[in-house]
> 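Have a look at this one.
All chains are named by letter (A, B, ...) in the order of the sequence lines, taking the proteins before the strands, and each is independently numbered beginning at 1.
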Amino acid sequence: MKTGNALRSLLPVLVILALIAAVPLFSPSNRFLSLAISAGTNVIALYGLSVLFGQTGILSMGHAALVGVGAYAAAILARDFGVGFWTALPVAALASAVFAMIVGIPSLRVGGHHFVIMTFAFGQLLAIVLTNGGDYTGAATGLDIAGPVTLFGADMSDLTRYYLMVVAFVTAAAVASWAIIHSSYGRTLRAIRENEKLAASLGINVGRHKIGAFVVSGVFAGISGVLLAYFLGHISPSQFSSFPSIYLALMVMIGGARLIEGPLAGGILVAFLPEVLNLDPVQSRIVYGVCLIAVIMLLPDGLIGGIVRALRVAFSGKPKQEAERDAAPSEARQ
Amino acid sequence: MDIFIQQILNGLSIASVITLIAIGVTLIFGLTGIINFAHGEFLMIGGIVTWLAVSAGLGFPIAVVLAILAVGLMGYILERGLFRFTLERPTNGFIVSLGLIVVLQHVVVLFWNPNQKSIPRPLTTVWEVGGVRIASVRVMVILITIAVVALSFRMITASRYGRALRASVEDRDTAALMGIPVRRYITGVFVLGSALAGLGGALLIALFPITPFTGGTMVMKGFAVALIGGLGNIYGAVAAGLILGIVEGFSAGYGFSQWTDAYSFVLMILVLIVRPHGLFGGTSGPRMAS
């Protein structure tokens, strides 16, 4: 019963992703595919952020820095060691995880309000270090990464194939994030989110689990960084400074951090909204900002959370509490 | 030695602007627990208002007053319209401020393009004292800041409003029980903090050209200073502002200028690890009635 329920919460995401994977059948434009690929890499990072923010209740303002560590790791590995995409993937994920741990241990120790600022500062520091890194990091211009991505001998550099590969990675990220939410580990994290002191009194090592969640978010970010680096072919420090981090936080909050659909919705919305509304970048940023403020003031669970709740109320008249409990189904039945 | 004095002066003039932000940050956080990241954008808008006023042919002093008024008004509107509703959940206030950063920056870009903006220096005299070149505009910035900070101190330490304010920072609920209109003080602190940021922006554009994105780095330095000094502690903010300004001035003068921006972050991280409540001790935000 329990697994059945849990699986049901994954199903909508899988259906949506299957539909998204079918898009190339309708021969979309290259512009659409590029936008979708960059949205996809963001979504992978967002799933990591949702474990951290949605489940554990810690907000990081340095998530783009973790993505950057992954991207630079991939670029440097390819340049100095001739390492290809598939080997770079785990190494970069590890690098981001280690960086997350290095940042996390001191940052989470100071705790509370200060953590956000610490992550922000570390993100800025990373951008400064990369900019001043001379030839090793390519300074302000950044690094080129030109390696063919092959899978079972097939060249994946073609836009459509890369698109499909990114969709596959997004699916893996969604499933991984779903597995975390429905594991006892996820329950532990939520216990910390809801009441840190109570969790500690139950014998949960709060500090270690918080750092653990940050490290997990780093793994997602590292993988997203590798995909991004190989897709763009060029990376530079400004892509990973604090403002990209703000946009990542914004996406996850617009979508809703607690639900499995949230990161997907946030990433896609933020990538395609300007296209749909035909806005230039400046206008679209203003719209994002206004959206974020509106979502926080009016729909604290994010857009998807708000829609889900509205649907529930409309169809079954269930009260608010019920909807919230169903957002994390396994909790109430334990 | 000449360079030494000059660098201290340069450092202090930048520190002045940073201190003006830090006071606003520290007061707003101390009273409401809201980390207002958009404070740097308030500063930037102060600079833009000054630039607009000077470009329209007004004198610098009038432009400064306009900047203070405009940003103070903006603070009032934002507090009444947005932050008032996030008092129970300061994290939401923080997120709202992130949204505001994005909105304010790009509204400015939309109307007045993203390029650098500068005004002619309001004071062009350069004094030569024993081989040291002292730009009077920097001295002006430092003196104005000292005057404003001294005035704020006086207000906070000696007047009954200041006492009520400190009581509210100490314990919001008890202060409310004592008949202090805490809500009104919160609005007041928002306006005061914003006005100081407006002044900071006006002074900043007198020193350097600014862009719509200047606020981001400046607010981080303001936060670094507020955190190093201990959030909620105004004395700490001023002292930490001095330290940071001098460190930055030296590093710029002795050949590490590309790392200047990194010092505030490194300093802040170190201080938070060793003394999470800042060098001079602060509050950890308002005590929530949770």
> For a 4.5 angstrom cut-off between non-hydrogen side-chain atoms, does B:Ile95 reach A:Leu292?
yes
> Report the distance from atom CZ of B:Phe85 to atom CD1 of A:Ile296, rounding to the nearest 0.5 Å.
15.0 Å
> Using non-hydrogen atoms only, which part of B:Leu110 is less than 4.5 Å away from chain A: side chain, backbone, both, or neither?
both
> Using a 4.5 angstrom heavy-atom cutoff, name the option from B:Leu104, B:Val96, B:Thr86 with the most pairs to chain A.
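Ranked by heavy-atom pairs under 4.5 Å with chain A, first place is B:Val96.
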> Would you say that more than 12 heavy atoms from the other residues, nucleotides or ligands in this model lie under 6.0 Å from the CZ of A:Phe272, or not?
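Counting other residues, nucleotides and ligands, CZ of A:Phe272 exceeds 12 neighbours.
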> Give, for atom CD1 of A:Ile293 and atom CG of B:Leu82, the distance between the pair rounded to the nearest 0.5 Å.
5.5 Å
> What do the steps show when you test A:Met61 against B:Phe94 for side chain to side chain contact (heavy atoms under 4.5 Å, CB included), and what is the final call?
CA-CA 11 Å; A:Met61 274 295 127; B:Phe94 167 70; 4.0 Å; yes
> What are the two closest non-hydrogen atoms of B:Gly81 and A:Met297, and how far apart are they?
O-CE, 4.5 Å
> Considering only heavy atoms, which portion of A:Val287 lies under 4.5 Å from any heavy atom of chain B: side chain, backbone, both, or neither?
neither
> Heavy atoms, side chains only, cut-off 4.5 Å: are B:Val102 and A:Tyr247 in contact?
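Side chain of B:Val102 against side chain of A:Tyr247, heavy atoms only: contact under 4.5 Å found.
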> Are the side chains of B:Phe223 and A:Phe120 in touch, meaning some heavy atoms are under 4.5 Å apart?
no
> Quick one: what part of B:Phe213 sits under 4.5 Å from any heavy atom of chain A, side chain, backbone, both or neither?
neither
> Name the option with the most non-hydrogen atom pairs under 4.5 Å to chain B; the candidates are A:Asp280, A:Leu125, A:Leu59.
A:Leu125
> Between B:Ser97 and chain A, with a heavy-atom cut-off of 4.5 Å, which part of the residue counts as in contact: side chain, backbone, both or neither?
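Contact with chain A is absent: no heavy atom of B:Ser97 under 4.5 Å.
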> Of the listed residues (A:Thr131, A:Val290, A:Val282), which shares the most heavy-atom pairs with chain B below a 4.5 Å separation?
A:Val282
> Side chain to side chain contact (heavy atoms under 4.5 Å, CB included), that's the test. Do A:Leu250 and B:Leu98 meet it? Break it down for me.
CA-CA 8 Å; A:Leu250 190 148; B:Leu98 292 184; over 6 Å; no
> Between B:Val109 and A:Arg285, is there a side-chain heavy-atom distance shorter than 4.5 Å?
no
> A quick test of your reading: do over 12 heavy atoms of other residues, nucleotides or ligands sit less than 6.0 Å from CZ of A:Arg208?
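Atom CZ in A:Arg208 is not packed in, count stays at 12 or less.
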